[in-house]
Student: 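Got a structure for you, questions after.
Reckoned from all heavy atoms, side chains included, excluding hydrogens, waters and symmetry mates. Chain A is the first sequence line, chain B the second, and so forth, proteins listed ahead of strands; every chain is numbered from 1. Model, not experiment: these values are computed from the prediction.
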2 protein chains.
Amino acid sequence: MTTRERPTLEAVARRAGVSRATVSRVVNGSTTVAATIREAVNRAVEELGYVPNQAARSLVTRQTDSIALILPETANRVFSDDLFFPAIIRGVGSELEAADKQLVLMMAGSAAGYHRVERYAVAGHVDGVMFASIHGADPLPGLLARRGIPVICSGRPMLADPPVPYVDVDHAGGVAAALDLLITSGRRRIATIAGPQDMVAGLERLTGYHETLRRAGLPSLVAAGDFTRESGVTAMRALLAQDPDLDAVFAASDLMAHGALQALRDAGRRVPDDVAVIGFDDFEISRYSDPPLTTVRQPIAEAGRVMARQMLRLIAGDPDIDPAIILPTELITRASA
Amino acid sequence: MTTRERPTLEAVARRAGVSRATVSRVVNGSTTVAATIREAVNRAVEELGYVPNQAARSLVTRQTDSIALILPETANRVFSDDLFFPAIIRGVGSELEAADKQLVLMMAGSAAGYHRVERYAVAGHVDGVMFASIHGADPLPGLLARRGIPVICSGRPMLADPPVPYVDVDHAGGVAAALDLLITSGRRRIATIAGPQDMVAGLERLTGYHETLRRAGLPSLVAAGDFTRESGVTAMRALLAQDPDLDAVFAASDLMAHGALQALRDAGRRVPDDVAVIGFDDFEISRYSDPPLTTVRQPIAEAGRVMARQMLRLIAGDPDIDPAIILPTELITRASA
DNA sequence: TTACGGCCTGAGAGCGCTCCAACAAGGGTA
DNA sequence: TACCCTTGTTGGAGCGCTCTCAGGCCGTAA
């Protein structure tokens, strides 16, 4: 290991024959430095391979140019084929990279996790904190906001004290579009596989289902799931047992829809002839299921990008941040409905 | 925003009626502090809501307790249904979390990305750098190592100057197991869909294919892919055109195997009756394909965990780090072969 | 020639923390 | 009683950087 001593500002200054302050000015791109001196400094920087020490810099500037993204701990345990968090990470990552900020990934959810994240943020390790998907009435966003740390959520937080800006997608609109397709194509016994009710996404999609069906004068039939494929299988079986004659099912996630497809096949039902299936997400894999899945596309990566952009504005001190941004959803019609 | 002034060590010391040094000792868990004083300090910390300033701390300790994971930029662009990087992240994340280190995620690959990562690491923002999957002869790992920064790679680096410790999986063994199954079940015209040849994983799986078939006295038939599903479809079509009578295909990734399955179905071939298919990865989705995919399981998350563990040892100054750790692969037999 | 801005540059004071050297008490030993 | 440990505590010197402020230089106008 060539742990050669790393050069400091001081060393560069000596070599260039100027003061520390001047080097600092050059390094930070100040314009008030004479061209000849600037060049001399740049040469010294080059020759010495100087890179500013981040710790020293943030000690005085009080900012770190990195931003945390908090994932619920479940992301680490349960969903080994989940594509939601990867998409969020992709979106956030690309946007932050463009702004030359760093992404710090943290898992939270456990009590210990809470505390860790809080300490981490308060210790000034990051300039802001973004939450990817809030579970239940998570107190953490509010807690950090109260500590004066910039916070943005993906998905409307249930707890809003103080209100934290968020970006979410139009769940209700997407659900309505899906159900409308089902209804206008003549389906009358439309069941749903709901998502977890401690998450706004699960909640709003179920509410949307109830409202649209009520408006259409159709009966509701609900089974509970947790967004996973396995829960989709189980829920679909339960639904079939309750109403063997149902002719459509709306699943609140693509993975659950895939599970439903499987359970339907096992039960000898043809899709879409006997039962139409619609999902919610539009993951890549849904183009390749048998049959290809009709689903509501939600722009996950885009949500990540927007979230990151809002965070950047927040950090920059922009006074008028939208308290909420709702991204549109879109019905993608394929073969399953 | 309640940006109330954050208390410093000094403030805590004043409140507890001791010196800064003593507070520092208590906060950092030194044992040589009298119990009564320790309690008084803890009380003051509690009351003031004191959290040590990370920048100040790392300025003197020269460590940050966070570690970077570098993803190739492609991860951000191409693979929207790739499950490799999420799995690596999961593995690394869980291990680092247990060690109370933070994970900093960075994308690299572009020239600009290189420079950013290098500066970032050299600036002392992280204590070490891990690479998830090396593309071609990436100079970055060696470059950082030469700068004295702890580096670990997932996947053997092609460039080994200076040699960088890595963890990889037993590609050759997995391929041999897959092909043996094919051969002993009577397949004689076994094709392969190869991965990108600028990655060790692609290279070694193809080499393994060639060697095993040569030993068995069987002919080779190769089509090139890039690990994606789409490339699997294309490659399978090419293979079918070249040898309509092939009776088996080994794909160097699950996604390509799924593509092959699709192309085979489109061409009217039955799997496994007409053509047997084996993949490599064992992603969750491969349990649900039609038919379920026989594949070589590589322990991706485990590789992430091991990589993180090695990194932790490296940072701790452990003198004897294994220069290479090879994790076993395992053939998972399902319906496609 | 002197006076006066304007423009650059340098000196120096921190940012909040760790850690070393030095020192104050006690308690045991000769 | 004098001496030496041991245990616990303090002051202070930095870590490497930014940023304010004062001061030097020069051109221009009086």
Student: Between D318(B) (side chain only) and L314(B) (backbone N and O only), is there a donor and an acceptor less than 3.5 Å apart?
Tutor: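 The answer is no, because no donor-acceptor pair under 3.5 Å joins these two groups.
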Student: What is the distance, to the nearest angstrom, from the CD atom on Q54(B) to the P atom on dC15(C)?
Tutor: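 It is 19 Å, rounded to the nearest whole Å.
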Student: How close or far is atom C1' of dC15(D) from atom CD of Q63(B), stated in whole angstroms?
Tutor: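 Atom-to-atom, Q63(B) to dC15(D), this comes out as 14 Å.
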Student: Would you check if the side chain of N53(B) reaches a backbone N or O of A56(B) as a donor-acceptor pair within less than 3.5 Å?
Tutor: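 Looks like yes, one N/O pair under 3.5 Å.
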Student: Are K101(B) and E95(B) within salt-bridge range, i.e. N to O under 4.0 Å?
Tutor: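 No.
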Student: Please give, in whole Å, the distance from dC15(D) C1' to L9(A) CG?
Tutor: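 Spelled out: CG on L9(A) to C1' on dC15(D) is 13 Å.
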Student: For a quick check of understanding: with a heavy-atom distance under 4.0 Å over all strands, which category does T8(A) fall into, base, sugar-phosphate or nothing?
Tutor: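 Sugar-phosphate contact only - T8(A) comes under 4.0 Å of backbone atoms but never of a base.
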Student: Please name all residues satisfying side chain to side chain donor-acceptor pair (under 3.5 Å) with D320(B), sequence neighbours left out, ordered by chain then number.
Tutor: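 Scan of D320(B) (side chain to side chain donor-acceptor pair (under 3.5 Å), adjacent residues dropped) gives none.
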Student: Using a cut-off of strictly less than 4.0 Å, decide whether T22(B) has a side-chain nitrogen or oxygen near OP1 or OP2 of dT9(D).
Tutor: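 For dT9(D), OP1/OP2 do not have a side-chain N/O of T22(B) under 4.0 Å.
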Student: I'd like to know if R305(B) pairs up with E302(B) as an ion pair, taking the criterion as any Lys NZ or Arg NE/NH1/NH2 lying under 4.0 Å from an Asp or Glu carboxylate oxygen.
Tutor: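 Looking at R305(B) and E302(B), the cut-off is met.
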Student: Could you go through nucleotides 19-23 of chain D and list every protein N or O atom that sits under 3.5 Å from one of its N or O atoms, giving the distance for each pair?
Tutor:
none

Student: Determine whether a donor-acceptor pair (N or O, by modelled atom type, separation under 3.5 Å) exists between the side chain of R15(A) and the backbone of R43(A).
Tutor: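 Side chain of R15(A) to backbone of R43(A), a donor-acceptor pair under 3.5 Å: no, none is there.
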Student: Among dG11(D), dA11(C), dG16(C), find the nucleotide with the atom closest to the side chain of S19(A).
Tutor: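 Side chain of S19(A) sits closest to dA11(C).
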Student: What is the distance from CG of L59(A) to P of dA13(C), rounded to the nearest Å?
Tutor: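 The distance from CG of L59(A) to P of dA13(C) comes to 17 Å, rounded to the nearest Å.
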Student: The helix from dT1(C)-dA30(D) to dA30(C)-dT1(D): angle between its terminal axes, five pairs each, to 10°?
Tutor: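 Result, rounded to 10 degrees: 60°.
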Student: Please state how far atom CD in E10(A) lies from atom C1' in dG10(C), giving the value in whole angstrom units.
Tutor: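 Atom-to-atom, E10(A) to dG10(C), this comes out as 12 Å.
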Student: Ignoring the backbone of R62(A), work out which of dC17(D), dG10(C), dC15(C) is nearest its side chain.
Tutor: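 Nearest listed nucleotide: dC15(C).
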Student: Mark yes or no for whether D127(B), through its side chain, and T64(B), through its backbone, hold a donor-acceptor pair below 3.5 Å.
Tutor: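 Side chain of D127(B) to backbone of T64(B), a donor-acceptor pair under 3.5 Å: yes, one is there.
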Student: Can you tell me the distance, in whole Å, between the CG atom of N53(B) and the P atom of dC17(C)?
Tutor: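 Checked: the CG to P distance equals 6 Å.
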Student: Are any side-chain N or O atoms of T22(B) and backbone N or O atoms of V18(B), one a donor and one an acceptor, separated by less than 3.5 Å?
Tutor: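 The answer is no, because no donor-acceptor pair under 3.5 Å joins these two groups.
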Student: Checking side-chain contact (heavy atoms from CB on, under 4.5 Å) against R57(B), which of D65(B), N28(B), L9(B) comes through?
Tutor: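 Passing option: N28(B).
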Student: To the nearest angstrom, how far is R57(B) atom CZ from dG16(D) atom C1'?
Tutor: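 After rounding, the reported distance stands at 18 Å.
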